[in-house]
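Every number for a ligand or one of its atoms is a count from 1 in the order of the listing. Index from 1, following the sequence. Only this structure's heavy atoms are used, side chains among them; waters, hydrogens and symmetry mates stay out.
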Amino acid sequence: MDRIRIVGGQKLHGTIPISGAKNAALPLMIASLLTRETLSLQNVPALADVNMLVRILGHHGVDYSQNGRRVGEDEHAARAIHLCARDIVDTTAPYELVSKMRASFWVIAPLLARMGEARVSLPGGCAIGTRPVDLLLMALEKLGVEMEIEAGYVHAKAPKGLIGAEIAFPTVTVGGTHTAIMAAVLAKGHTVITNAAREPEVVDLATCLNKMGAKIKGVGQSRVEIEGVGSLTGAYHRVLSDRIEAGTYAMAAAMAGGDVMLEGAEPDLLGSALEAITQAGATVTTTNEGIRVQRNGAGLTAVDVSTAPFPGFPTDLQAQFMALMTMAKGRSRITETIFENRFMHVQELARLGAHIKLEGDVALVDGVKMLQGAPVMATDLRASVSLVIAALAAEGETVVNRVYHLDRGFEHLEAKLGRCGAVVERLSNPG
Ligand code: EPZ
């Protein structure tokens, strides 16, 4: 199993190109099941999760192709992929596939919309929490879906087709909103979703669906209205830039020090995180090219954050911000309000010398002068990358195990950091 070795202490200087967003690419790819025509997506990141979803969609009958690399093109140039679900050949999403990637549960919506039936394995819990799908199922039931849960599978049918309805989410759910939108675009009549997730990835999905002929209004607001249409067409769509990747490298630059340009990063998608980084002591400027993060000399200051749905501080940056706070002056209070178990990085950061106390959903981080490298591992991708950030600033060598978590969500991580002067290498075949 691969590991990543980092020798800390180098300031970061250079440009990091920001990839297309994993969490936008995945629902967009699933949306290809909604049409018989080809959906072409540009700026798709080369990630293990994307490859896994290609396999899952292939199982349902989706044809896949990818643009080749042209002569002279940068090996890290963004990919364009083409997905065509002319005929859906299987409406079952088996446990073996859904258990590998939770987001694949969302195929339930297009399968129902296109085929009137779906048999989809329940995804089960995961490292960051129990993560139920009750709200996704509630939304589908409102749209006229009848379902039974048997032997770990949801058997769903829409004998009269999907019918527009009012869907009021009691909590903001990204997956629930994706599911409700994908089902409602092909439902008969009008759907109103209230307390919808406003995450940029939801907006990207809805924007692409509108290009495909859907009638979605209120995109990016908490009240979304959808007028169902008979069928959708193919479209071209560029996947939005990855705000979590951008925020992660912004925190890396703030922690290690230096001057980094995050090329293609969109400041509007990162408001509260950039504010927190600025308060912590980095200088953040936005230019036509992207976001520039600098920190030279001055120390870091403790800042309190609490995760919240967009536009609040993202849960997917909580672990990285905690890494940053481990070397800030004073005590920082980090509250996780989205997932109940998303503090798995705390014990690993402690291995690097961090002082963190957990009190329920709050982590109290007392900054230390310096972290020391150590072997570490983590159980999800954001936790893993928080260890990478800490390692970049730590004294000495850190080896991050279970690199497959990083490969799920960070494209060319070593290359991107390496070109900014970080000493980071992938070790295959552990000794
Ligand atoms: C998406 O997960 C993201 N995944 C997550 O990113 C992200 O952390 C999360 O949204 C929150 O922003 C993808 O986009 C692939 P939710 P999702 O439904 O949709 C509860 C990463 O690291 N809930 O918004 O699964 C749930 O337990 C990943 O890239 C229910 O109770 O998250 C949680 O507490 C990890 N019942 C809260 O809502 C439901 O039916 C928000 O979850 C659904 C959700």
Task: Gln42 CD to Asn67 CG distance, which is reported to the nearest 0.5 Å - done: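 Between Gln42 CD and Asn67 CG, I get 8.0 Å after rounding to 0.5 Å.
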Open item on the list: According to side chain to side chain contact (heavy atoms under 4.5 Å, CB included), who are the partners of Thr315, at least two apart in sequence or on a separate chain?
Closed with: Thr307, Glu336, Ile338, Phe339, Arg342
Open item on the list: Suppose we screen for side-chain hydrogen bond (donor to acceptor under 3.5 Å, both in side chains). Which residues come up paired with Arg333, at least two apart in sequence or across chains?
Closed with: none
Open item on the list: Can you list every protein residue that has a heavy atom under 4.0 Å from any atom of ligand 1, sorted by chain and residue number?
Closed with: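 For ligand 1, the residues that come within the 4.0 Å heavy-atom cutoff are Lys22, Asn23, Ala103, Trp106, Ile128, Arg131, Pro132, Val133, Asp134, Leu135, Leu136, Val172, Thr173, Val174, Gly175, Thr315, Asp316, Ile338, Phe339, Arg342, Leu381, Arg382.
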Open item on the list: Given Leu269, which partner from the list Leu274, Leu240, Asp242 fulfils the side chain to side chain contact (heavy atoms under 4.5 Å, CB included) test?
Closed with: Leu240
Open item on the list: Applying salt bridge (charged side-chain N to carboxylate O under 4.0 Å, His left out), can you list everything that pairs with Asp63, at least two apart in sequence or on another chain?
Closed with: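 For Asp63 there are no salt bridge (charged side-chain N to carboxylate O under 4.0 Å, His left out) partners, ignoring immediate neighbours.
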Open item on the list: Given the ring of Tyr153, does Arg119 sit roughly above its face, with NZ or CZ under 6.0 Å from the centre of the six-membered ring and within 45° of the axis?
Closed with: yes
